[in-house]
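One structure is given below, encoded as structure tokens.
We count residues from 1, following the sequence as given. From a predicted model like this one, the values you see are computed outputs, not experimental measurements. In each ligand, atom 1 is the first atom listed, and ligand 1 is the first ligand listed.
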Amino acid sequence: MDPSLLHLSAAGVSLVLDCRGTGLPSVAHWGAALDDEQITPDLLTAVAPQPIGFSVDGEVRVSLVPEQSSGWLGTPGLAGHRDGRGWATAFQVTGIDRDARTVRITATDPEAGLDLAIDLELHPAGVLRTRAALTSTAPGVYWLEHLTVFLPVPERVAELLDFTGHHLRERQPQRTAFTHGLRVRENRTGRTGYDSAYLLCAGTSDVGNRAGEVWALHTAFSGGARSIAERTYHGWSALGGGELLLPGEVSLGEGETYQTPWLYAVYSDAGLDGVSDRFHQHLRGRPQHPATPRPVVVNTWEAVYFDHDLGRLTELAEAAAAIGAERFVLDDGWFGSRRDDTSGLGDWFVSPEVWPDGLGPLVDVVRGLGLEFGLWVEPEMINPDSDLARKHPDWIMATGARLPRPARHQQVLDLANPDAFAYILGRLDALLTEYDIAYLKWDHNRDLVEAGHPGSGRAGVHDQTRAVYRLLDELRLRHPGVEIESCSSGGGRVDLEILERTDRVWASDCIDAHERVMIQRWTSLLIPLELIGSHIGAPLCHTTHRSLPLSMRAGTAIWGHLGIEWDLTRASPGEIADLSAWVALYKDLRELLHTGTLVHADLADPAFHLTGVVSRDRSDALYAMIATSSSASYPPGTVGLPGLDPDRTYHVRPQPPGDVADGNAAAWGAELPWCTPQGVHLFGRTLGTVGLRLPVLFPDRVLLVRVTADSGPEKVTE
Ligand code: DGJ
């Protein structure tokens, strides 16, 4: 292969870098796999743009960090200056190091006094990740505005899909045409955000769950972030991402380096399910990916809120053990003066008022019942009404004398201050040392507004985000067995960098199953089910006041890392019996759900959602037919079951206890013919194409369908 062409390939994906000349390399191809033989100089000639009139003379090359010096007039990859100079760069490559999976490009611009390093990695599941590092090599200060890495996508992409949302309604999809111009999704909340772009996808016009080409980008950062889709009249379309820096937030002295977040990029020719499959395989392949069965959690929040009492919580723990729970998490309210959400954050000492003997008695009860003990913390926050704030008012983030607007009565602790950092690390370390704690629910309940370093007043989101990563890393080092959940007023901190150091995300404070169907569907576009906290709430949902039967609440919650957030001491014996059956089902199915391939059908009827998990060997599968409103046709039509082996035969039948969709509207008609314990036996290819008849369901009901490979073909009647 021509040495100026560099090819990385994995799992049906190729990345070809054009390294001709001395300038920064550009991406000649990112998409479907090519073989080495196809990658010749003629490939570059074949796709090289024709020089046009009234534009810069010669070839325009758009690199991973695009520069004006190469003729590029769109968004620059780098913006910054030295008191007004050094803002335009022309990096010259000084080295390209590669191995089978990674490439490192180093470059320099002596006139601007800058060095650049770009890393690219193509992982075994076909997930590409890239980042850049900028070093100042000259005296004085280089003020960085942004450093953004771009990946081009072919001009045939027609649509963009990205996400928005708010508290109780995270990760809602939005589709737009990919037109000329710039679409920038900026997150200025100082955390990943409910409304983060999450995955910015560019797709062909036929994209669905199972079809179409998609190029998807995730900017993995838990502070300010920018995700960009740009299409120019030069025929150039690209996705880019990086950190959103506040004014003056990053300045580089001589020898200092700034590193961008990782950008994760996935190409799929199998629609959105192809995107999630690559991400899930990638995440499951990490050494720190949870390897033990995901334990059934009982969390105290919606059961007792701030009403902490040993007797009451003992009863709850006993009820938890009785239904088969495996982890008991004590939520907010156990420390300092925290009897409601107006005070106490920062005082990470067990409240002697509520817990006169410390947490030991409760931990003993929980452990004695055979459950793990988990504890809620919110280490980055401080209430002005706290001993900590009274003692260290100078630890509160602010731009000067004025405190930022409070949110949930709280402010942000400046963790870039080494003393504040040491205090928080010390307190968390002490709690984890004193008590037998298996799990921390790590919360973060406000946006970072006017988040400056007290004293200097300089913007501090960048430093804060990195300090939080350091804090988590240090705690994990000291307490390697402890699992951590990333929660941020529900699902406000869900990104792949926080997941490098946490074991699950809390998808939303809304545990209304109706809303959760879509929150979980879209969260799982990036993150596999075992990392998504998913709870069964009380019959009357606290955040929406919708009343839903257990079959819907549990039949949707098992599609994640299952928990229960409901005062079980008030549940009826019947509810407890039914809940126990659901917990048992989750335990039976969790290996399948947490290792299999997640699939979705493309359905014409907007009332229905069909999702499934198929084991990697395609011998076993579970599907959920979920109705969230009344169906368009009555009775509803058929649906193909995706993901099965076309050449095997399968036994298809309803899965108890999810076979009784509480008032399944068959009450007014006869049973659905296939929906019996005997079920039907069909080829995977038949189930994929002809499919199964959907049931008549009341809105907000689910029917679970189990599909297992037959041992032999003799049962097949077709
Ligand atoms: C917000 C979280 O999302 C909830 O689950 C709960 O932990 C509360 N904070 C506690 O204050």
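Applying the 4.0 Å criterion to heavy atoms of Trp506 picks out, from ligand 1, the atoms 3 (O), 5 (O). Close approach of ligand 1 to Lys441 is summarised as follows: ligand atoms under 4.0 Å from at least one heavy atom of the residue are 4 (C), 5 (O), 6 (C), 7 (O). Close approach of ligand 1 to Asp332 (heavy-atom distance below 4.0 Å) involves ligand atoms 10 (C), 11 (O). Residue Asp331 approaches ligand 1 through these ligand atoms, each under 4.0 Å from one of its heavy atoms: 6 (C), 7 (O), 10 (C). Listed by number with element, the atoms of ligand 1 under 4.0 Å from a non-hydrogen atom of Asn445 are 1 (C), 9 (N). Counting the atoms of ligand 1 from 1 in the order shown, those under 4.0 Å from a heavy atom of Trp376 are 7 (O), 10 (C), 11 (O). Counting atoms of ligand 1 from 1 in the listed order, those under 4.0 Å from a heavy atom of Gly490 are 3 (O).
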Please report the C-alpha distance between Arg312 and Asp567 in whole Å, then the side-chain angles of each, then the deciding distance to 0.1 Å, and finally whether the salt bridge (charged side-chain N to carboxylate O under 4.0 Å, His left out) criterion is met.
CA-CA 10 Å; Arg312 186 160 177 209; Asp567 185 355; 3.1 Å; yes

Just do the side chain to side chain contact (heavy atoms under 4.5 Å, CB included) check on Phe221 and Ile498 with the steps written out, would you?
CA-CA 7 Å; Phe221 197 58; Ile498 203 74; over 6 Å; no

Give the intermediate values and the outcome of side-chain hydrogen bond (donor to acceptor under 3.5 Å, both in side chains) for residues Asp385 and Asn383.
CA-CA 5 Å; Asp385 182 5; Asn383 282 119; over 6 Å; no

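For ligand 1, the polar-atom distance check against Asp509 finds a nitrogen or oxygen pair separated by under 3.5 Å. Distances between N or O atoms of Trp301 and those of ligand 1 include no value under 3.5 Å.
If you look at Asn299 next to ligand 1, there are no close heavy atoms at all, none under 4.0 Å. Contacts with ligand 1 closer than 4.0 Å are made by no heavy atom of Asp341, backbone or side chain. Of all the heavy atoms of His535, none lies under 4.0 Å from any atom of ligand 1, so neither backbone nor side chain is involved. Contacts of Cys487 with ligand 1, taken as heavy-atom pairs under 4.0 Å, involve the side chain alone.
Within the structure, the closest approach of Glu565 to ligand 1 does not fall below 4.0 Å when heavy atoms are considered. Residue contacts with ligand 1 do not include Glu485, since none of its heavy atoms lies under 4.0 Å from the ligand.
Of the options Val702, Leu589, Ile626, Val613, a side chain to side chain contact (heavy atoms under 4.5 Å, CB included) to Trp559 is made by Val613 and by none of the others. Screening Phe306, Trp334, Trp376, Trp506 against Trp301 for a ring-ring contact (aromatic ring centres under 6.0 Å, His included) leaves a single residue, Phe306. Tested against Val517, the residues Thr556, Asp512, Thr611 include a single side chain to side chain contact (heavy atoms under 4.5 Å, CB included) partner, Thr556.
Nearest non-hydrogen protein atom to atom 2 (C) of ligand 1 is Asp443 OD2, 3.2 Å.
A 4.5 Å side-chain heavy-atom check between Ile532 and Ser524 finds at least one atom pair inside the cut-off. Side-chain contact between Arg327 and Glu483: present, with at least one pair of heavy atoms (C-beta onward) separated by less than 4.5 Å.
Below 30°, between 30° and 60°, or above 60°: for Tyr264 and His218 the angle between ring planes is between 30° and 60°, a tilted geometry.
Residue Leu428 holds its CG atom at 11.5 Å from CD of Glu474, rounded to the nearest 0.5 Å.
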